[in-house]
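Heads up: the structure comes next, in structure tokens.
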Amino acid sequence: MILDFKRIPSAEILFKEDIYCLMTTSRCCPGKGVKYSCHGCNLLSQCCNSYEFCVSCCLNPARTQKEQALKVKIAKQATAGTYASVFDFCAGRCRHNSESVVHENAYLSEFHHCFSLPLNSSGASNSYLEGILNGINVIVGRQSESCNSVCKSNGQSCVPNKLLVLNQCDIMQKYLSCKGACLASMGADQPAEVVDDAPKNLNPGACLFTQAQSMLSCDGSHPFTRRLCPCA
């Protein structure tokens with residue numbers, strides 16, 4: 001059973017399948033259960049198929065950095081405040097948002113509860129993102145080449161969980177020209193740069209980051225883009 005937090009007057013919230021029982025007064029988790037369970041979650045995209053497990057997985061300090069989470073604004077408005085705790089960040093981020101829907105009436109995938117930092121958020125500082133890339137060889141591929149092919153041709157393998165890090169405008173602009181434009185898009189070939197001789201409707205020269213985090217893949221390619229690939 002999925003519970004609506006807004007309709008629960010008591011101080012206790014029981015997450016489904018007995019993952020843990022959260023006392024909102026103390027924010028402690030008494031009893032037995034799997035702490036920080038990520039059941040039903042895609043750890044590459046950091047998206048889950050249920051709200052409860054999304055919050056559970058997000059609360060793991062190894063997955064959510066407190067310093068970065070507390071810098072994220074609750075809403076897009078300039079006057080919006082930031083989250084007061086990691087719990088509030090996880091509870092807020094795991095709810096449905098514009099990044100998980102298409103045409104405003106359908107989900108991009110069943111994994112539509114996502115807890116990652118908002119794409120290109122000011123909370124995701126360059127130094128933090130670059131630190132995650134330690135030991136990673138970031139390579140710009142050839143036109144229409146997948147990251148698996150790019151890395152293999154350099155004697156390495158694509159590291160899929162680093163694609164989310166590269167899927168940021170500030171990071172892409174360090175490796176690609178981007179011709180002054182970094183555009184939100186949707187595709188398994190992203191993050192990538194559109195080649196100069198692409199049709200005008202594809203925005204030649206622009207960098208593209210995907211809004212559909214669940215689509216991030218080492219296999220993706222497109223006839224008119226060059227991928228930015230994490231290899232090791």
- If you group Ile, Leu, Val, Met, Phe, Trp and Tyr by side-chain heavy-atom gaps below 4.5 Å, do Val165 and Leu228 land in one group? yes
- Any sub-3.5 Å donor-acceptor pair from Ser217's side-chain atoms to Ala188's backbone N or O? no
- Query: Under 2.5 Å between the SG atoms of Cys48 and Cys38: is that the case?
  - Reply: no
- Please report the C-alpha distance between Leu133 and Leu166 in whole Å, then the side-chain angles of each, then the deciding distance to 0.1 Å, and finally whether the side-chain contact (heavy atoms from CB on, under 4.5 Å) criterion is met. CA-CA 9 Å; Leu133 292 174; Leu166 297 181; 3.9 Å; yes
- Item | Considering all heavy atoms, the nearest Ser153-Glu145 contact | OG-OE2, 4.2 Å
- Task: Establish whether Phe115 and Tyr36 are linked, either directly or via other cluster members, by ILVMFWY side-chain heavy-atom contacts under 4.5 Å.
- Result: no
- OG of Ser146 to NZ of Lys152, rounded to nearest 0.5 Å, is 10.0 Å
- What's the shortest heavy-atom distance between Ala198 and Pro204, and which atoms? O-CG, 3.2 Å
- Note on the structure: Ser144 and Ser221 have their tightest heavy-atom pair at O-CB, 3.5 Å
- Query: Taking Cys178 and Cys169, which are both Cys, do their SG atoms fall under 2.5 Å of each other?
  - Reply: no
- Message: Could you measure the distance from the SG atom of Cys231 to the CG atom of Asn154? Nearest 0.5 Å is fine.
- Response: 6.0 Å
- Message: Checking Asp196 against Lys179 for the side-chain contact (heavy atoms from CB on, under 4.5 Å) test, could you report, in this order, the C-alpha distance in whole Å, the side-chain angles of both residues, the deciding distance, and whether it holds?
- Response: CA-CA 10 Å; Asp196 291 335; Lys179 299 294 177 66; 2.9 Å; yes
- Does Val159 belong to the same Ile/Leu/Val/Met/Phe/Trp/Tyr cluster as Ile139, with side-chain heavy atoms less than 4.5 Å apart forming each link? no
- Task: Sequence neighbours left out, what passes ring pair (Phe, Tyr, Trp, His ring centres under 6.0 Å) with Tyr83? Give chain and number order.
- Result: Phe89
- Query: Between CG of Asn203 and CD of Glu193, what distance do you get to the nearest 0.5 Å?
  - Reply: 12.0 Å
- Task: Indicate the atoms forming the closest heavy-atom contact of Thr225 with Ala192, along with that distance.
- Result: CB-CB, 3.8 Å
- Message: Can a donor-acceptor pair be found, under 3.5 Å and without considering hydrogens, that links the side chain of Arg227 to the backbone of Asp189?
- Response: yes
- Query: Between Cys57 and Cys41, does a disulfide (SG to SG under 2.5 Å) hold up when you go through it step by step?
  - Reply: CA-CA 8 Å; Cys57 194; Cys41 296; 4.4 Å; no
- Does the Cys54 SG fall under 2.5 Å from that of Cys94? yes
- So which heavy atom on Pro191 is nearest to which on Met172, and how close? CB-SD, 3.5 Å
- Item | Spacing of CD belonging to Gln168 relative to NZ belonging to Lys174, to within rounding of 0.5 Å | 12.5 Å
- Message: Could you report the tightest heavy-atom contact between Gln190 and Met186, atom names first, then the distance?
- Response: OE1-N, 3.5 Å
- Message: Hydrophobic cluster membership, with links at side-chain heavy-atom distances under 4.5 Å among I/L/V/M/F/W/Y: are Ile136 and Val150 in one?
- Response: no
- Task: Could you identify which residues cluster with Val194, counting Ile, Leu, Val, Met, Phe, Trp and Tyr as linked when any side-chain heavy atoms lie under 4.5 Å apart, either directly or through a chain of such contacts?
- Result: Leu183, Val195, Leu202, Leu208, Phe224
- To the nearest 0.5 Å, how far apart are CG in Leu176 and SG in Cys182? 9.0 Å
- Task: Using the disulfide (SG to SG under 2.5 Å) rule, take Cys158 and Cys229 through it: C-alpha gap first, then chi angles, then the decisive distance, then the call.
- Result: CA-CA 7 Å; Cys158 178; Cys229 305; over 6 Å; no
